[in-house]
Every structure is written in structure tokens, then in C-alpha cells.
Amino acid sequence: MTTLRIGNASGFYGDRFDAMREMLTGGELDVLTGDYLAELTMLILGRDRLKDPAAGYARTFLRQLEDCLGLANERGVRIVTNAGGLNPAGLADAVRQLADRLGIPVRVAHVSGDDLTTAHPGSLAAHAYLGGFGIAECLRAGADVVVTGRVTDAALVTGPAAAHFGWTPRDHDRLAGAVVAGHVLECGAQATGGNYSFFRDGDVRRPGFPLAELHEDGSCVITKHPGTGGFVDVGTVTAQLLYETAGARYAGPDVTARLDTVRLTQDGPDRVRIEGVRGEAPPPTLKVGLNRLGGFRNEVVFVLTGLDVDAKAALVRDQMEPALGKVADVRWEPVRTDRPDAGTEETASALLRLVVRDPDQETVGRALSGAAVELALASYPGFHVLAPPEKGSPYGVFEEVYVPQVGVDHVAVLHDGDRVPVPPPHDTLVLDDVPEPALPEPLPPGPVTRAPLGLVAGARSGDKGGNANVGVWARTDDAWRWLAHELTADRFRELIPESRELTVVRHALPNLRALNFVVEGILGAGVAAQHRFDPQAKALGEWLRSRHLDLPEALL
């Protein structure tokens, strides 16, 4: 059958607004996807729904569609999106109303069954990560627009691929290929040079959005529309493959994709071929993301300028101590941005962050803020703060649990209102670690130079609940021979002091010349809890690349 061209126009709620129009007008497409959901987004939508039960979906998508629905209809491009969030039926109705107002004949379907909030008392939103076969049912029945709630990001690709090629749930290798393609597309411009360690390799001022040319056997080519910014090469695709994954088995509700079987080759300018992906039966359980309100949070950032920075910090900490006695969680974080004999006041200043959390808003609210303000004329010389202290604001907590696939009512609600149950997979396989792969021969001994790791390796990092993932890859075979033996879990802990008391698990992926590290618990209760300076660990990989090691001169 023909190649299926699937593009993506959104990697998160708030991504480039014009991307939908750019993708529809920039070249050929069969399906356009939009990924609007993340762990934090579900919490935001949950709070929206508390204020308005009719809310709970990504309103940006509707505004984009008002501009682009006619374009998609003219070009025969079907749209598949998880912008339904907590209320896919509500968004589907809103799309129908929009289409009627614009006079565009559009068949709209949606997928339901992910919402398990009532089964998890105390949660603001509890949603199972569904697979792509509900989407496939909607498309097979003729839908032009398919709206989902919480599905896996890759399901936005596996669903259209299964519908187009006639795949069944037992086509594990083909589905695994589509999962890998979907994972590369899901974060938009991260596959076309955005957030890329070697961004200076191309012009990434306005990278285009990616698309996949999918084939019936599950292989694909990742590319972008002609003339758009950024670039697609083996490195950009490798970086995205490692993003927010862990070991060789990448499990989902449709299939478990074996990342250790992925083969990447440059297939021409801005074209990377992905092939060889093997798949296994999915696990018998579905991941459920639980979002709840964890309490209230407040923050004061004190500015310490010039001399005696440590003594100034000690003074203000002593002065604030009486106001902090009843607070459940108190964190002081010094940020030494100062330098001696600085040419500007800003570069002569350090920051001292006070972050407090408590179940009671009053405990971290005005009383605490007032204690900081009262020190304005009675503390260290040069006292000031970055922003006026505020009342405590709510923060969220994310955790994941697992439920049997057979216990979730996955339903495709077709454009004509018919409801089609989507059965769980017949074959399942409990996840297990793969044996440690063979590593290449180490480089022979030779002269070394103390230099940053990033001279020979790229990295990309991100969050999964309270854990961080850091993928590191080498650009050459010789660099891989060195990296595979040098960057152990213990060496990682040495380079990233925050991780020294935490569990760090290393996974090797030789086909990608890559290592994937999972740092357990470094993000506390997840991004919404804002546990650390970089709450989603987005820059953790770049920090790692900046650390100095003894690099073989042969690699430089």
C-alpha cells in the first residue's frame, strides 16, 4: 500500500501556534497530529475543570482549528489529537459546532475510557494511557477529526498507521516501528534541531516540525517539509529517541518496542531512515497518571551582592528561622552567580532561594511573606529580593499506578454516535529487563586532555514523574568505544552530585551508540511540585556535558 505521511504540529500545550497552518501548507500530508498533553498539563486541565465542568481540554487547539479546518478539509488531511485532555467529548462537540459555524462538512469522532478519576479518590485527575486502536476504529469509520484524552503520545501515530495499513494488535513488529516513529514526532521541533546539543550544526532559529513517511512494514523516514528551518540527521533523531525513555524495552498499551533493535541511517538531506524495529506483546497492565493537589508553596529569592556572601546568607537564614518553625518543608538553595571584582552589579550578586511547602496555605502565605518583607531595613547590607513575596500557591503531585488492561473500558465514539468497544490485546507479556548487551572494545591507552564531556557526546534529558532520564550518545564509533566504558553509573554520580545518594540505573543501547541513565527520585513528586531549580530536568543533560573528564586526545 502507499506510504502514509504523518506530520506533527504540537509537542506541548503552548507550542508554536502557527505550526498547524505551516504543516498544512508546507507540503504533502495524509494525517496531522497534535500532542498537547504532559503530566503537568493534566494537572492544569484538572484545575480548569474544578472551575468549569465543561472545561478540561486544550482551548488552543480550537483556535488553531478555526484558522485551519478549511485547509485540512480541502487537502484531505485528517487530524488526530489528544487535545481533548480531560474532556474529549466536550472538545469533539466544540469542533462540530465550529465546523457548522464555518460551513465545513467534517466528521468528528472521539475516544473515551481513559478517565479513572472516580476510581482513585483524592486525585484531581487519574487517567490511563490508552493505545491507538480506538483512534484506528474512528478513522476506519470515516472520521476526519479524531479527539482523544490521555493516550500515549505514540498512539497518535500507531492509530492512523493501523487504520491505513490494516494492522492487527498482533502485528508487533509493525506497531513497534510506528511507536518509534511516534516517539520521534511527539515533541515536535526536538526532532528537527530544537533543544539539540549540537544546535550549531544548522540554522535552528525557527525549526520546522517533523513528519514521518511510514511504510507497511513499520519502517519509516523522518523528515520535514522542504524549505523549513532546522535540520534532520541521525543525531537529532537519536536525541529524541532517548528522550524520556529508559532501557531497551519501551512499553506501551499496543506493543513493547525494542529500542535496542532500532537502526538509523542518513537517507539524504533532512531524511533519516528508521528500520529493523522489533516488537513484543504489550504488558498486561496500563499506566495510570494520578494528579492531585499536594499543598501550598511559596518562594522568596534574596539577592546577596558583593562581599561576605556566605555571612549575609547565614544572617538572613537566622532571621527567618522563627517564621519557619511550623512549615512542613523548608529548602534553602544558594546560587553562586557572583564573581569577584565584577563589572556589573548583577554579576557581583548571588541568589539565595527560600522555598517552602505546607498543607496549609496560611502557614506559607502572608505571615511568611511578611517576615521576609520586615527584614528590608534590618538585615544584611544591600538587602533586596527579586520579586515581592506572595501568598502561597497550590502545587501538584504526580504519581503513576498500573491497572489491568482488561479493566479499562476503551471506547471509540464514532462520528455518527455509535460506540465501538476496543478490546484489550489478546497477547501480553510481563516486562523484564533484557540481558546487558555486549560493549565494544575499549579504546587503546593514549594521551588525554581534561575537557568537557560535551566535546564528544550529546545528551538530552527529561522527566518521568519523580525520575529524570538522561540519554547520552556518541557521534562516532571511536567515541562510543570510550563512552561505553567511561561513563558508568558511578561516574555519573561523581559528575552529578545531586544523584550521589540516589539510585542511578544505566542502560546501554549499542545500535544507537548511546547510554540511558534513569535517576530515581531526583524530581521529588514530579514537575508540578517544583522540587528543584530545573523541575523537569530539561537541562540536566547539558550540565552533564559541561562536566570535565580526561578525554582521549584521539577523539578531539
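Atom set for the values below is all heavy atoms of this structure, side chains included, hydrogens, waters and symmetry mates excluded.
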Item checked: Lys/Arg cation over aromatic F199: R460, 6.0 Å, 45° cone ->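 No, R460 does not lie over the aromatic ring of F199.
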Next item on the list: Compute both the distance and the angle, then confirm whether K287 meets the cation-pi test with Y402: under 6.0 Å from the six-membered ring centre, within 45 degrees of the axis.
Entry: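 No, K287 does not sit over the ring of Y402.
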If you measure only the distance, is there a donor-acceptor pair under 3.5 Å linking the side chains of [X] and [Y]?
X: N467; Y: E520; value: no
X: E22; Y: T228; value: no
X: N8; Y: D35; value: no
X: N516; Y: T245; value: yes
X: T158; Y: D254; value: yes

Next item on the list: Would you indicate whether the side-chain heavy atoms of V301 and V385 approach each other to under 4.5 Å?
Entry: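 In short, these two side chains do not touch, never coming nearer than 4.5 Å.
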Next item on the list: Taking the side chain as every heavy atom from C-beta outward, state whether R336 and D310 have any atom pair closer than 4.5 Å.
Entry: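 Yes, close enough: below the 4.5 Å cut-off.
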Next item on the list: Assign the ring pair Y196 / F231 to parallel, tilted or perpendicular, where the plane angle (0 to 90°) is split at 30° and 60°.
Entry: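 The arrangement is perpendicular - the two ring planes meet at more than 60°.
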Notebook entry, point to check: Is the shortest side-chain N to carboxylate O distance from E213 to R271 below 4.0 Å?
Noted result: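 Result for this pair is yes, salt bridge flagged.
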Next item on the list: Would you mind checking if R500 and D490 are paired as a salt bridge, meaning a charged N to carboxylate O distance below 4.0 Å?
Entry: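 No, this pair does not count.
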